Amino acid sequence: MQLANLTTRPPHLVEVLEALSKQKDQQEAAQTLITELSDITVLVAKRFTNDRTADGILEAFYLTVGCVSLAISQANVPETSQSRLAFLLHHGAEHVFQMGFRMIKELSGMPYDAFVSDFDSDPFIQQRNIKLLFSEICRADPITSWSGDDTYNKEKVDRGRNRSIVECAKWLRKNHFSGPVKSADLDANAVIALTIIFALSNDGRIVARAGQKEIENLVLRARENRPDIELCWDKLLKIIPAEYHTILRERVDEYKNTIIKKILSKTRLKTVISEMQDYYAGSELDIDYP
């Protein structure tokens, strides 16, 4: 049996310091860098770990190493130790650390998932999320492998997609046929699901929230009229900004072979309603009667 190759690498800061140690004419720069890193570690310990215990200082050191490494990994420089060293010496460790921490803070401000609530704007929750993400991505033991930059890149892609979904859902809510939906909590996936499903009505309305009775009426009308679902969705897309079309088309492709097929089939009405409530409409479905 052949084992898979595993790629391991130390934090970027470690590679940079190793490159610096080989340059005998950079002793003063090395001393300045070490002093800056020490000062940063103390500040991180005071704010995030514990500056009164050895474990707290050590944990702060790991976070400092990772945060500086993250900023280096995202810098627009050639991926060589010498280029990264030049970048760090030019900007200084404190500024590079601030760059990395700003990346964490901005990433934390992007939605973790496609559900928005009042808690997201609570300052305590926001600070807690920053601290958790800081620890998850930036903790880097210099003598072990580190993949915090890969984690950051993946999180950035995932959260960027969530943000696009949330923005799409907010637009749909704002343009809900009977007036904007004002609820503070937002289940973005559910809003998009309802909008796509209600497009079967083929009446040019955007339905971002609905009650059970409206769902029942939709299913009954769709089974009676047998609408051309592709034409219904094309009609919907014409009244929605192009920036949201990719998200909507992906959901259309998913739903037409699942819930839409059940709506247009002979599946029991109660079964369809139950499935929509549990798996599609979520908290955006009003429970208006037993």
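Computed from a predicted model, the values in this text were never measured in an experiment.
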Could you check whether atom [atom1] of [X] has more than 12 heavy atoms from other residues, nucleotides or ligands sitting under 6.0 Å from it?
X      : atom1 : result
Phe61  : CZ    : no
Glu243 : CD    : yes
Glu79  : CD    : no
Lys170 : NZ    : no

Phe101: partners by ring pair (Phe, Tyr, Trp, His ring centres under 6.0 Å), with sequence neighbours left out: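 Result, ring pair (Phe, Tyr, Trp, His ring centres under 6.0 Å) vs Phe101: Phe48, Phe134.
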With Phe87 via ring pair (Phe, Tyr, Trp, His ring centres under 6.0 Å) - residues at least two apart: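 Only His91 meet the ring pair (Phe, Tyr, Trp, His ring centres under 6.0 Å) criterion with Phe87.
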Let me check something: any side-chain donor-acceptor pairs from residues 14-26 under 3.5 Å, sequence neighbours excluded? List them with distances.
{"from": "Ser21", "atom 1": "OG", "to": "Glu18", "atom 2": "O", "distance (Å)": "2.6"}
{"from": "Gln23", "atom 1": "NE2", "to": "Gln82", "atom 2": "OE1", "distance (Å)": "2.7"}

Hydrophobic cluster membership, with links at side-chain heavy-atom distances under 4.5 Å among I/L/V/M/F/W/Y: are [X] and [Y] in one?
X      : Y      : answer
Val77  : Tyr152 : yes
Met99  : Ile130 : yes
Tyr279 : Tyr255 : yes

Taking all non-hydrogen atoms of both residues, which atom of [X] and which atom of [Y] are closest, and how far apart?
X      : Y      : answer
Leu33  : Ala93  : CD1-CB, 3.6 Å
Leu264 : Arg226 : O-NH1, 2.6 Å
Cys232 : Pro227 : SG-CB, 3.8 Å
Ser283 : Asp187 : OG-CB, 3.3 Å
Pro10  : Trp146 : C-CB, 4.4 Å
Ala71  : Gly100 : CB-N, 3.6 Å

Output yes when a side-chain donor or acceptor of [X] lies under 3.5 Å from a complementary backbone atom of [Y], and no otherwise.
X      : Y      : result
Glu214 : Gly211 : yes
Thr144 : Ala140 : no
Ser121 : Asp118 : yes
Ser69  : Pro11  : no
Thr151 : Ile137 : no
Ser135 : Leu132 : no
Ser73  : Leu70  : yes
Ser147 : Asp150 : no
Thr271 : Thr267 : no

Residue pair His176, Arg173: steps toward the side-chain contact (heavy atoms from CB on, under 4.5 Å) verdict: CA-CA 5 Å; His176 181 58; Arg173 267 190 166 192; 5.7 Å; no
Please examine the side chains of [Y] and [X], heavy atoms only from C-beta on, and report whether any two atoms are closer than 4.5 Å.
X      : Y      : value
Leu237 : Arg249 : yes
Ile165 : Arg251 : yes
Glu254 : Ile259 : no
Trp171 : Ile206 : yes

Set of salt bridge (charged side-chain N to carboxylate O under 4.0 Å, His left out) partners for Arg223, sequence neighbours left out: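 With sequence neighbours excluded, Arg223 shows a salt bridge (charged side-chain N to carboxylate O under 4.0 Å, His left out) to no residue whatsoever.
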Qualifying residues under side chain to side chain donor-acceptor pair (under 3.5 Å), relative to Glu250, sequence neighbours excluded: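 Glu250 satisfies side chain to side chain donor-acceptor pair (under 3.5 Å) with Arg161 once adjacent residues are dropped.
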Residues which pass side chain to side chain donor-acceptor pair (under 3.5 Å) with Asp158, listed by chain and number, not counting sequence neighbours: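 If we apply the side chain to side chain donor-acceptor pair (under 3.5 Å) test to Asp158, skipping adjacent residues, the hits are Lys154.
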Residue pair Met276, Leu285: steps toward the side-chain contact (heavy atoms from CB on, under 4.5 Å) verdict: CA-CA 9 Å; Met276 284 190 61; Leu285 180 63; 5.6 Å; no
Please set out all donor-acceptor pairs under 3.5 angstrom arising from side-chain atoms of residues 110-117, sequence neighbours excluded.
{"from": "Asp113", "atom 1": "OD1", "to": "Phe115", "atom 2": "N", "distance (Å)": "3.1"}
{"from": "Ser117", "atom 1": "OG", "to": "Phe119", "atom 2": "N", "distance (Å)": "3.3"}

How long is the span from the [atom1] atom in [X] to the [atom2] atom in [Y], to the nearest 0.5 Å?
X      : Y      : atom1 : atom2 : value
Ile263 : Ile215 : CD1   : CD1   : 7.5 Å
Asp228 : Lys235 : CG    : NZ    : 12.0 Å
Ile239 : Asn175 : CD1   : CG    : 8.0 Å
Met103 : Ser108 : CE    : OG    : 15.0 Å
Cys168 : Ile247 : SG    : CD1   : 5.0 Å
Ser81  : Ile72  : OG    : CD1   : 10.0 Å

Residue pairs passing the salt bridge (charged side-chain N to carboxylate O under 4.0 Å, His left out) test where at least one lies in [range], sequence neighbours excluded:
range            : value
residues 271-281 : Lys262-Glu275
residues 175-184 : none
residues 37-53   : none
residues 120-145 : Glu59-Arg139

Short side-chain donor-acceptor distance under 3.5 Å, Ser38 and Thr35: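 Ser38 and Thr35 do not have a side-chain donor-acceptor pair below 3.5 Å.
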Polar contact flag, side-chain donor to acceptor under 3.5 angstrom, His12-Arg84: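 Yes.
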Check against side-chain contact (heavy atoms from CB on, under 4.5 Å), Ile104 and Cys138: CA-CA 9 Å; Ile104 294 296; Cys138 291; 3.9 Å; yes
Donor-acceptor contacts, no H, no angles, side chain residues 190-201, under 3.5 Å, sequence neighbours left out:
{"from": "Thr195", "atom 1": "OG1", "to": "Val191", "atom 2": "O", "distance (Å)": "2.9"}
{"from": "Thr195", "atom 1": "OG1", "to": "Val207", "atom 2": "O", "distance (Å)": "3.2"}
{"from": "Ser201", "atom 1": "OG", "to": "Phe198", "atom 2": "O", "distance (Å)": "3.3"}
{"from": "Ser201", "atom 1": "OG", "to": "Arg221", "atom 2": "NH2", "distance (Å)": "3.2"}

Salt-bridge present (Asp149, Arg9; N to O < 4.0 Å):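 Yes.
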CA sep, side-chain torsions, deciding dist, call: Phe97, Val65, side-chain contact (heavy atoms from CB on, under 4.5 Å): CA-CA 9 Å; Phe97 175 85; Val65 171; over 6 Å; no
